2 protein chains.
Amino acid sequence: MPRSDRYHHGDLHATLLQEANQLLNEQGVEGLSLRKLAERAGVSRTAPYHHFRDKNALLCALATRAFSQLDEMINRQLRKGGSKEAIQDFVREYLRFATENPEQYELMFGRTLWKGGEPTDELKSVAYRSFRHYAEQLGGMLQGRLPANTDALRVAQASWATVHGLCRLLIDGIYVNREDMEAVSEQSVALIMAALSHSED
Amino acid sequence: MPRSDRYHHGDLHATLLQEANQLLNEQGVEGLSLRKLAERAGVSRTAPYHHFRDKNALLCALATRAFSQLDEMINRQLRKGGSKEAIQDFVREYLRFATENPEQYELMFGRTLWKGGEPTDELKSVAYRSFRHYAEQLGGMLQGRLPANTDALRVAQASWATVHGLCRLLIDGIYVNREDMEAVSEQSVALIMAALSHSED
DNA sequence: GGGTTATTTTGACAGTGTCAAGATTATTGA
DNA sequence: TCAATAATCTTGACACTGTCAAAATAACCC
């Protein structure tokens, strides 16, 4: 129970994560400073260091939570099967996930964590789990429908790259506008579906 | 002619760009500070401000130069036609361009310029030109080979997203490793080719 | 040569992440 | 119950960042 005039905050760990998330959505990663964050939580500049080893650890915690949501969404969507409609739904949901929380998506996949500061083991684990679930589900749907010499893993990687690349271009506003979203999305699904099988749909 | 003990540097503009490029390749955007840069050029901290309005302007200049190279590469590759081999070559070259200068590629397409600091008009112009050339060449190759209800622009956007997404995943080391590069590249080409025409190849 | 302009410098300011040492409270063990 | 230990939080400090203002120096032009 966090009271305001106490020396100990009460639940600073959770408060920090919550405020950090809000700050991230409002100003992006570059606007998220530990000092601003501490002030919002009503605490001194170095207090957060007793709950997160450093800034990188805090960001990794944020990203980890976000990957859990993504994983949940993937499992929910791909349970619907491999019809063109299901795939279309999945792509739509993925695009929604990315474009409705662009700062969060950029944090999840951006270089801030994956290049600059080393990603936490926990983050790597949950990030890979998301992809593994995607690849597994896709592999199941593709059973026997794949052309010869085609690895399901490669299809998973290539198709993820397609949707992911689309998100990046959309979010940063390069080459693809918000208005084009639906049309390009459909085209991307056509790309994926066409490669899935040279047999009929 | 830049001499060392002169008050005026002589050719600071060019020197800054050159050293900035090197610093970028060595340490990435986050390691590129104006102060380090000034020191490397043998000049005081604020000297660069008389050649670039601010840090953003300098980075935009770097990216602009890089986009020119990319544009040149695109035109060179796509002149080879629309055969599967030509497309494969193009994708290979694009991946090479991105993975051999990862920091440069991240600067070109990353949020640092497109979200954080406003991109220069010059940068926007050359960036869009690259894509326009790609779309035009692709459109030419696809003349009459496209299924009904398929816009060439959408194919250009979707296919670019595929290759671009692949580069991002590769560079940051997410989901796709360097060793998978060739295999995923081929799979991506298969994706693109399959969508290009439902007629035979 | 003198005045204008371009270039460079020093000084300063606010902001950042994070370390060290001390202050305060919670928790635990005897 | 109460002292010892651990957890939590604070103040102070340091090095680093981008950038502004004002002054110094050099080049250029008529």
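Proteins come first, then strands; the chains are lettered A, B, ... in the order of their sequence lines, and each starts at number 1. What you see is a predicted model; the values in this text were computed from it and never measured. Quick note: numbers below take in every heavy atom, side chains included, and nothing from hydrogens, waters or symmetry partners.
Taking atom CZ of residue F52(A) and atom C1' of nucleotide dT18(C), one finds them 16 Å apart after rounding to whole Å. Spacing between atom CG of L12(A) and atom P of dA26(C) amounts to 15 Å, rounded to whole angstrom units. Between the CG atom of D11(B) and the P atom of dA6(C) there is a distance of 17 Å, rounded to whole Å. For the pair Q27(A) CD and dG15(C) P, the interatomic distance rounds to 13 Å; values are reported in whole Å. For the pair L58(A) CG and dT16(C) P, the interatomic distance rounds to 15 Å; values are reported in whole Å. Put simply, CD on E30(A) is 13 Å from P on dG17(C), counting in whole angstrom units.
There is a side-chain donor-acceptor pair under 3.5 Å between Q88(B) and S185(B).
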So which protein N/O to nucleotides 17-19 of chain D N/O distances come out below 3.5 Å?
unit_1: dT17(D); atom_1: OP1; unit_2: S33(B); atom_2: OG; d: 2.8
unit_1: dG18(D); atom_1: OP1; unit_2: L34(B); atom_2: N; d: 3.1
unit_1: dG18(D); atom_1: OP1; unit_2: K55(B); atom_2: NZ; d: 2.9
unit_1: dG18(D); atom_1: OP2; unit_2: L34(B); atom_2: N; d: 3.1
unit_1: dG18(D); atom_1: N7; unit_2: R35(B); atom_2: NH1; d: 2.4
unit_1: dG18(D); atom_1: O6; unit_2: R35(B); atom_2: NH1; d: 2.9
unit_1: dT19(D); atom_1: OP2; unit_2: Y49(B); atom_2: OH; d: 3.0
unit_1: dT19(D); atom_1: OP2; unit_2: K55(B); atom_2: N; d: 3.0
unit_1: dT19(D); atom_1: O5'; unit_2: Y49(B); atom_2: OH; d: 3.3
unit_1: dT19(D); atom_1: O4; unit_2: R35(B); atom_2: NH1; d: 3.4

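With sequence neighbours excluded, the residues that form a side chain to side chain donor-acceptor pair (under 3.5 Å) with E26(B) are Q22(B), R40(B). Every side-chain contact (heavy atoms from CB on, under 4.5 Å) that E122(B) has, sequence neighbours left out, goes to T64(B), T120(B). Remark: E103(A) engages R111(B), K115(B) in a side chain to side chain donor-acceptor pair (under 3.5 Å) (not counting sequence neighbours). Residues meeting the salt bridge (charged side-chain N to carboxylate O under 4.0 Å, His left out) test with E136(B), sequence neighbours left out: R132(B). Evaluation of the side chain to side chain donor-acceptor pair (under 3.5 Å) rule for E182(A) yields R92(A) as partners, not counting sequence neighbours.
Proximity of H51(A) to the phosphate of dC9(D): a side-chain N or O atom is located under 4.0 Å from OP1 or OP2.
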